[in-house]
Each structure stands twice: as structure tokens, then as C-alpha cells.
There are 2 protein chains.
Amino acid sequence: MNIGKVAKSSSVSAKMIRHYESIGLIRTSPRTLSGYRQYHDRDVHLLRFIRRARDLGFSLEQIRQLVSLWDDPERASADVKRLAQAHIADLDQRIAALTDMRDTLVTLATSCHGDHRPDCPILHGLATAS
Amino acid sequence: MNIGKVAKSSSVSAKMIRHYESIGLIRTSPRTLSGYRQYHDRDVHLLRFIRRARDLGFSLEQIRQLVSLWDDPERASADVKRLAQAHIADLDQRIAALTDMRDTLVTLATSCHGDHRPDCPILHGLATAS
DNA sequence: TTTAACCTTCCCATCATGGGAGGGTCAAGC
DNA sequence: GCTTGACCCTCCCATGATGGGAAGGTTAAA
């Protein structure tokens, strides 16, 4: 299988597949005589795994660990759970930070009359200590 | 005032002040004979404004618009409000995306027993179509 | 044989920020 | 006046994940 087909069936772009190879997230693939990368079904499985982990917001470094656990028949599920929970905590923090921003902004926007006059609590709020 | 003092009192690093100057977000400052940038109180005000807008998650491009509205005594508060509401909508989208990730991950992690055994619903969930 | 659709590598861009090298300036204390 | 330490300057490089595009080779079908 060439890289284009793998890209389509894994939903990981060819660009990214090459990149993942270059940073050692996936193994270097064998090549044809003319230099084309050759893949098999198991590579598609791995790339789908990576893609889903990305969709869940894991970083490539975290995915590197997930992949090595995935590959390891001796793994303890506790190790996987630890990774997942650390990531959940991280997501919670980011959600909280964004929610704080949102709430502050909603408060400011609510008090802005939003007409032709220049007076604006949003700009005032930004200019003044919070 | 030298750049270090401005950085301290505005909570914007000297590195960033130079960067903001280089991308035209703030005006180029006058220099001493030896090339040191010279600032005044009004520059500190502007940088604090920028810093607070960053803290609320506005991009530098959005801040560029906010600053020009801030500078404009003829502005309509409706224009500011429009910017703020667009940003709120953007924050809402990001919060929703992160919350979806979080919920999916929590579901997977909950069903993982998290012990020494290798069997793990989290890895299984990542490997299988969602 | 031509052509279109592949593939290759290499460099550059994003966004906001920081690190660090290599070197100049300034003020205080001796 | 000289040393020293704390400033300042510019320039280049790095981050993380992804994409764009150039310049050129390969393949399969018409």
C-alpha cells in the first residue's frame, strides 16, 4: 500500500505520516526500489489509533507512551489509566481557564450597550485592573 | 523609562514588547543615543491593556483591532461588542470541544479497572471505531 | 508516448513565546 | 579612572502540530 491510500484509510495526512516517521513515533517503513514507502494493514491500525488519541487531545509525546503500552502485552492497565487521568486533569484545567475567560467577557459584554456611542465597559474593563 | 521597567510594570516581557513593536502592534519607541528604547506611562497603559486582552484569550490580530478601537474617540461601542461576542462564540466552541474529549475519556477511564492486568478499555476504545 | 496522478525531499509558514549567544552601555563603588 | 554587575541591543533558533508548495522522479492507463 502506498502512503496516499494509508492516509485515506487512516484519516492521517501523508504529510503527517512522514512527520510521525521522522520523529520516531512510527517505525520507518520499507521502501520500493524507487523509494516509495510501503505499508500494511497493521500500519493503518496504528495510525487510526494515533488519530483517535489526537482527537481526544493527547499530545504526540503522550501518544508515544500510549503506543508503547498498546504494543506491550505485559502492560498493566493501571499505567494506561494513569496517563488518561493525567490528561483528564489537564483538560479540566484548560476548560476551567477558558470558562473563566468566557465568563469575564460575557459580564463585560452584557454591560456594553452596543450602540453608536463610544463609551464601552469592555474597553474600560480591559484598560483597568481586574 | 527603559524596557525592563516597562516590562515589570506592565507584566509583558521585554522580549514580547520588542516583538509587538516588530509586528506593528505598538509604535516604535524613541531611542536614546546609545539605542535604548524609551517609554512613558502611556506605553505602560497600552501594554497592560494588551496583556489583559491576551489573558482573556484574544489573539494578537483581535487585539490589534481592539487597540485601534481603544485609540479611536469616534468608535461605536457596537463594534467592540461585536468583537467580544465573536470571541465568546469561539471560546464556547473550544470549551465544547474540550468537554467532549473529557467526557469520552472519563467514560473510558471509568470502565478501566486500572490494575496489573493488561486488558484495558481505554486502549481498546482508542483502537476501535468511535 | 503522453498524461495524470502518484510519490520523493526540502524549505517555509503558522501562533505566541522564550532561550541564548555575542556584544554594547550605564551607574555605583573602589 | 577602572571594575563590576545589571542593564540593553540584535540575531538566530526552538517550541507543537500541521499545512503549503517547489522541484523533480515513478507509475499506470490511454
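Numbered from 1 within each chain, the chains take letters A, B, ... in sequence-line order.
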## Note on the structure
Residues pairing under side chain to side chain donor-acceptor pair (under 3.5 Å) where one sits in residues 69-87 of chain A, two or more places apart or in two chains, turn out to be Ser77(A)-His113(B), Ser77(A)-Asp115(B), Asp79(A)-Arg82(A)
### Query
Rounded to whole angstroms, how far apart are CD1 on Ile17(B) and C1' on dT17(C)?
13 Å
### Query
From Leu126(B) CG over to Leu69(A) CG, what is the distance, rounded to the nearest 0.5 angstrom?
11.0 Å
### Message
Checking Asp100(B) now: which residues fulfil salt bridge (Lys or Arg N to Asp or Glu O under 4.0 Å) with it, not counting sequence neighbours?
### Response
none
### Summary
Taken in chain and number order and not counting sequence neighbours, the residues that satisfy side chain to side chain donor-acceptor pair (under 3.5 Å) with Arg54(A) are none
#### Entry: With sequence neighbours excluded, residues passing side chain to side chain donor-acceptor pair (under 3.5 Å) with Ser34(A)
Thr32(A)
Dump the pairs, protein N or O against N or O of nucleotides 2-6 of chain C, anything under 3.5 Å, distances to one decimal.
| residue | atom | partner | partner atom | Å |
| --- | --- | --- | --- | --- |
| dC6(C) | O2 | Tyr36(A) | OH | 3.3 |

### Message
Please tell me if Tyr20(B) has a side-chain N or O lying less than 4.0 Å from either OP1 or OP2 of dT17(C).
### Response
yes
### Message
According to side chain to side chain donor-acceptor pair (under 3.5 Å), who are the partners of Asn2(A), at least two apart in sequence or on a separate chain?
### Response
none
#### Entry: Spatial distance of atom OG1 (Thr110(A)) from atom CD1 (Ile88(B)) [nearest 0.5 Å]
7.0 Å
### Message
Tell me every residue that passes side chain to side chain donor-acceptor pair (under 3.5 Å) with Asp92(A), counting only those two or more places apart in sequence or in another chain.
### Response
Arg102(B)
Protein and nucleotides 9-13 of chain C: nitrogen or oxygen contacts under 3.5 angstrom:
| residue | atom | partner | partner atom | Å |
| --- | --- | --- | --- | --- |
| dT9(C) | OP1 | Arg31(A) | NH1 | 3.3 |
| dT9(C) | OP1 | Arg31(A) | NH2 | 2.9 |
| dT9(C) | OP2 | Arg37(A) | NH1 | 3.0 |
| dT9(C) | OP2 | Arg37(A) | NH2 | 2.9 |

### Query
OP1, OP2 of dG19(D) versus side-chain N and O of Ser13(A): anything below 4.0 Å?
yes
### Query
If you look only at pairs with a residue in residues 3-45 of chain A, which of them pass as a ring-ring contact (aromatic ring centres under 6.0 Å, His included), with sequence neighbours excluded?
none
### Task
Select base, sugar-phosphate, or nothing to describe what Thr32(B) touches, counting heavy atoms under 4.0 Å on all strands.
nothing
### Query
Hey, can you pull the residues of residues 53-70 of chain B with a non-hydrogen atom under 4.0 angstrom from DNA chain C?
Arg54(B), Ser59(B), Leu60(B)
#### Entry: Side-chain N or O of Ser34(A) closer than 4.0 Å to phosphate OP1/OP2 of dT27(D)
yes
#### Entry: Ile23(A) CD1 - dT15(D) P separation (whole Å)
11 Å
### Message
Test: salt bridge (charged side-chain N to carboxylate O under 4.0 Å, His left out). Region: residues 34-49 of chain B. Which pairs qualify, not counting sequence neighbours?
### Response
Glu21(B)-Arg37(B)
### Task
Would you sketch DNA chain D in dot-bracket for me? Only Watson-Crick or G-U wobble pairs with both distances under 3.5 Å count, crossing pairs as [ ], other-strand pairs as |, the rest as dots.
||||||||||||||||||||||||||||||
